[in-house]
Amino acid sequence: MHEARGAERLPDLWEEARAEAMSEPERLLYRSNLLGSDLRITNFGGGNTSAKVRERDPLTGEETTVLWVKGSGGDLGSMRLDGFATLYLDRLSSLKRLYRGREHEDEMVGYLPHCTFGLNPRAASIDTPLHAFIPHPHVDHMHPDAVIAIATAEDGERLTAELFGGRLGWLPWQRPGFDLGLKLEGLARNRPELDGIVLGGHGLFTWGDTARACYQTTLRVIRQAAGHLAAHGRPQPFGPVVAPTLSPSEKTSLLAELAPRLRGRLSVDVRKVMHFADGPQVMEFVSSSRAEELAALGTSCPDHFLRTKIWPLFFRFDPATETAADLLGRVDDGLERYRQRYQAYYQRCRRADSPPMRDPWPVIMLVPALGLLAFAADKTTARVASEFYVNAIGVMRGAESVSAYRPVAEQEAFDVEYWQLEEAKLRRLPKPGSLAGRVAVVTGGAGGIGGATARRLLAEGACVAVTDTDAAALEEARLALAKEHGKDRVAAFRCDVTDEASVRESYHLVAREFGGLDILVSNAGIASAAPVEETSLELWNRNLGILATGYFLVAREAFAVMKAQGLGGSLVFIGSKNALVASAGASAYGSAKAAAVHLARCLALEGAELGIRANVVNPDAVIRGSRIWGGRWRQERAEANRIAFADVEEFYRNRSLMKRSVLPEDVAEAVLFFAGEASAKSTGNILNVDAGNVASFTR
Ligand SMILES: [Zn+2]
């Protein structure tokens with residue numbers, strides 16, 4: 001969680017020695033990365049920068065001015081040079097002759113590609129005219145909480161004049177586009193003394209003659225705004241804290257009950273995952289006396305309501321006098337009232353050509369003493385939405401500390417949310433994977449089959465929590481998976497599947513991380529071999545403990561979460577050929593695996609009417625990448641089969657009907673089938689992945 005306050009101390013990170021050696025576009029990139037890397041300066045994905053650069057026209061060979069401006073999509077902090085759109089400035093100016101007025105704003109976007117310089121494929125954003133028409137070489141447009149606080153204050157225009165001594169102009173709220181570009185140009189030309197303009201309800205424009213001057217002006221304005229709020233803001237602008245914060249373990253237990261319940265209700269059309277936030281800024285707001293009243297006013301700044309919807313849903317909760325059951329009792333009613341309010345908002349504000357109503361459920365939910373729960377179709381979207389609401393809290397805090405918070409009018413918020421151009425952007429998004437919005441737990445996730453399975457489910461878009469007893473191997477697995485699929489969708493929790501408390505705790509952590517559970521892959525295992533008279537009770541108990549009791553415990557807890565969600569679910573057990581076929585010298589292992597397979601059938605029966613499916617994947621001799629096959633078990637199998645240690649893999653390959661080695665990836669493919677909708681009508685099944693073995697043909 002970032003700390004948006006303290007912007008009065010923003011450091012100047014510009015290194016002139018480095019910047020001097022750069023080309024003008026490189027300096028623009030340098031400035032953009034510096035600005036975009038600090039959330040006090042602009043929110044994630046928000047804001048844009050530009051420079052007007054003299055370049056040689058490849059067609060005429062003559063010098064021309066090219067507008068380099070951050071293109072559509074991406075984030076300033078991490079963007080590269082290819083993130084900029086490049087356009088002929090004179091062609092952009094000539095569009096003024098084609099402009100037919102505010103009712104025809106959107107058609108201007110269609111002309112932008114005609115102004116492209118240098119065959120640049122990066123699409124120009126709707127903010128392009130804002131940068132193009134400001135008559136200064138370098139322009140920054142930022143969304144700093146401290147300035148938006150002033151931009152959304154009841155008397156924002158007066159505050160701007162007072163605070164910046166006439167060096168910043170003011171334009172009242174207007175949707176970004178061609179017309180706003182013309183207004184910015186008019187004001188900047190009429191008042192050449194200005195360093196920038198505050199856009200009511202939106203953010204900040206600043207400019208300069210050089211990249212460095214522009215950067216410094218941007219920092220100075222934000223520092224000044226933040227400094228004013230810090231020095232003159234009244235304490236406790238949200239009122240006193242009325243609900244003392246719960247302890248971390250109390251929060252986790254409460255979330256374990258609340259999150260799956262919410263997730264089940266919110267996933268009516270699209271499966272959703274959760275991101276939970278409870279940093280100090282969130283807690284100060286959600287637990288305050290004025291949280292409900294302020295949250296109902298709605299967010300401001302176009303980015304905020306695009307990501308968080310116009311308002312969050314606030315649940316009343318007083319942990320001093322109420323229990324989790326009281327809070328859970330408010331879920332259905334609260335969501336239903338939100339849905340009706342959202343539908344009424346859509347009906348009130350819709351225009352003849354508005355896109356159809358989107359999902360009517362809340363994105364952000366606030367609970368006093370607990371925190372903020374964000375739900376979206378994927379984890380990154382949920383996390384980013386939660387961060388935007390933290391920005392919105394910072395804005396409300398600033399505005400309320402020196403004035404009164406006044407968000408933009410509802411119709412304006414609607415026109416941004418249901419903008420045809422935004423709708424077109426949504427339609428261009430890549431098709432999500434088959435498991436997008438699904439949450440999976442893979443036990444034994446640090447091993448060969450577990451790791452390959454986690455990887456396969458992640459590749460289909462699932463959020464995956466891997467568990468294991470070996471903390472070091474688990475952390476290594478988490479890092480490797482996060483490197484391939486990003487940090488957001490990967491979690492790792494230490495779990496001993498034979499320990500009831502450990503299993504329960506890890507499911508609580510999964511609920512806190514992702515909001516619930518759809519898929520359990522019960523895979524954590526061991527293997528042992530010994531003639532029956534040499535099978536100690538300890539060895540017998542160890543096999544039964546992990547492979548039968550362990551499978552029971554993780555499946556029972558998963559079953560309970562799935563039932564609470566009401567969205568069905570898929571339990572996939574990694575069995576073994578030995579579950580079906582007696583094998584000499586492995587009675588403990590084989591009996592335990594047989595118990596697991598039978599448990600899956602029992603769960604298939606009990607889960608059927610709830611849509612909870614249970615199936616078994618039966619691998620045989622998955623040697624490569626296996627931790628089980630790494631040591632003693634391999635030695636034991638080598639001795640039992642009277643072959644050399646090094647020949648084990650070849651021995652098992654030749655024993656199969658198809659003479660092929662079975663790899664962890666082959667098992668993962670079968671798990672994926674049972675995990676997803678492709679097998680929606682299969683339960684109580686066994687799928688062998690053993691390269692063919694007549695003894696284990698199911699019947
Ligand atoms: Zn903006």
Side-chain angles (χ1 to χ4, degrees), residues 4 31-32 35-36 38-50 67 69-77 79 83-85 105-106 108-109 112 123-134 138-152 156 160 168-185 187-188 196-207 214 217-218 221-222 225 298-308 310 384-385 387-389 391-392 394-395 398-399 407-409 412-417 419 421-422 425:
R31 177 173 110 226
S32 308
L35 292 168
D38 193 324
L39 289 167
R40 295 170 296 183
I41 297 174
T42 202
N43 46 22
F44 176 81
N48 30 57
T49 48
S50 70
L67 176 73
V69 58
K70 179 182 169 283
S72 199
D75 179 62
L76 280 172
M79 74 180 292
F84 290 101
E105 270 275 355
D106 289 1
M108 300 312 289
V109 176
L112 294 178
S125 88
I126 46 181
D127 284 354
T128 301
L130 281 54
H131 288 263
F133 300 156
I134 289 175
H138 298 270
V139 177
D140 288 339
H141 167 48
M142 298 290 126
H143 293 164
D145 291 355
V147 177
I148 305 177
I150 288 160
T152 55
T160 300
L168 284 192
W170 170 272
L171 280 175
W173 161 265
Q174 182 176 330
R175 202 153 48 115
F178 206 82
D179 201 77
L180 184 59
L182 295 176
K183 290 213 169 82
L184 284 164
E185 179 185 16
L187 191 56
I197 291 169
V198 174
L199 297 180
H202 181 165
L204 174 68
F205 267 89
T206 35
W207 48 72
C214 189
T217 300
T218 303
V221 168
I222 298 170
T299 55
S300 201
C301 185
D303 279 346
H304 295 186
F305 33 68
L306 274 172
R307 306 275 193 161
T308 66
I310 178 164
V384 170
E387 288 172 2
F388 271 89
Y389 202 77
N391 286 119
V395 166
V408 300
E412 293 295 326
F414 178 88
D415 287 344
V416 171
E417 189 179 345
W419 205 343
L421 299 173
E422 292 293 344
K425 225 193 256 180

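Counting starts at 1 for both ligands and their atoms, following the listed order. Because only heavy atoms are used, hydrogens play no part in the values below, and waters and symmetry mates are left out as well, while side chains stay in. Worth saying up front: this structure is predicted, and the values here are computed from it rather than measured.
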- Task: With sequence neighbours excluded, tell me which residues meet side chain to side chain donor-acceptor pair (under 3.5 Å) with His143.
- Result: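 His143: side chain to side chain donor-acceptor pair (under 3.5 Å) contacts with Asn43, His141, His202, Asp303.
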- Message: Going by the rule side chain to side chain donor-acceptor pair (under 3.5 Å), which residues pair with Asp415 if we only count those two or more places apart in sequence or in a different chain?
- Response: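 Once residues adjacent in sequence are excluded, the partners of Asp415 under the side chain to side chain donor-acceptor pair (under 3.5 Å) criterion are Arg351, Gln411.
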- Item | Check: Thr49/Ser32 side-chain N/O donor and acceptor closer than 3.5 Å |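 Judged by distance alone, the side chains do pair up.
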- Item | Sequence-distant partners of Glu105, salt bridge (Lys or Arg N to Asp or Glu O under 4.0 Å), two or more places apart |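 Partners of Glu105 under the salt bridge (Lys or Arg N to Asp or Glu O under 4.0 Å) test: none.
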- Excluding waters, how many protein N/O/S atoms sit closer than 2.8 Å to the Zn ion (ligand 1)?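 Of the protein's nitrogen, oxygen and sulfur atoms, 3 lie under 2.8 Å from the Zn ion (ligand 1).
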- From CG (Leu35) to OG1 (Thr42), nearest 0.5 Å: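 The OG1 atom of Thr42 is 8.5 Å from CG of Leu35, to the nearest 0.5 Å.
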- Min side-chain heavy-atom separation Arg31-Thr218 under 4.5 Å: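 A side-chain contact under 4.5 Å is absent here.
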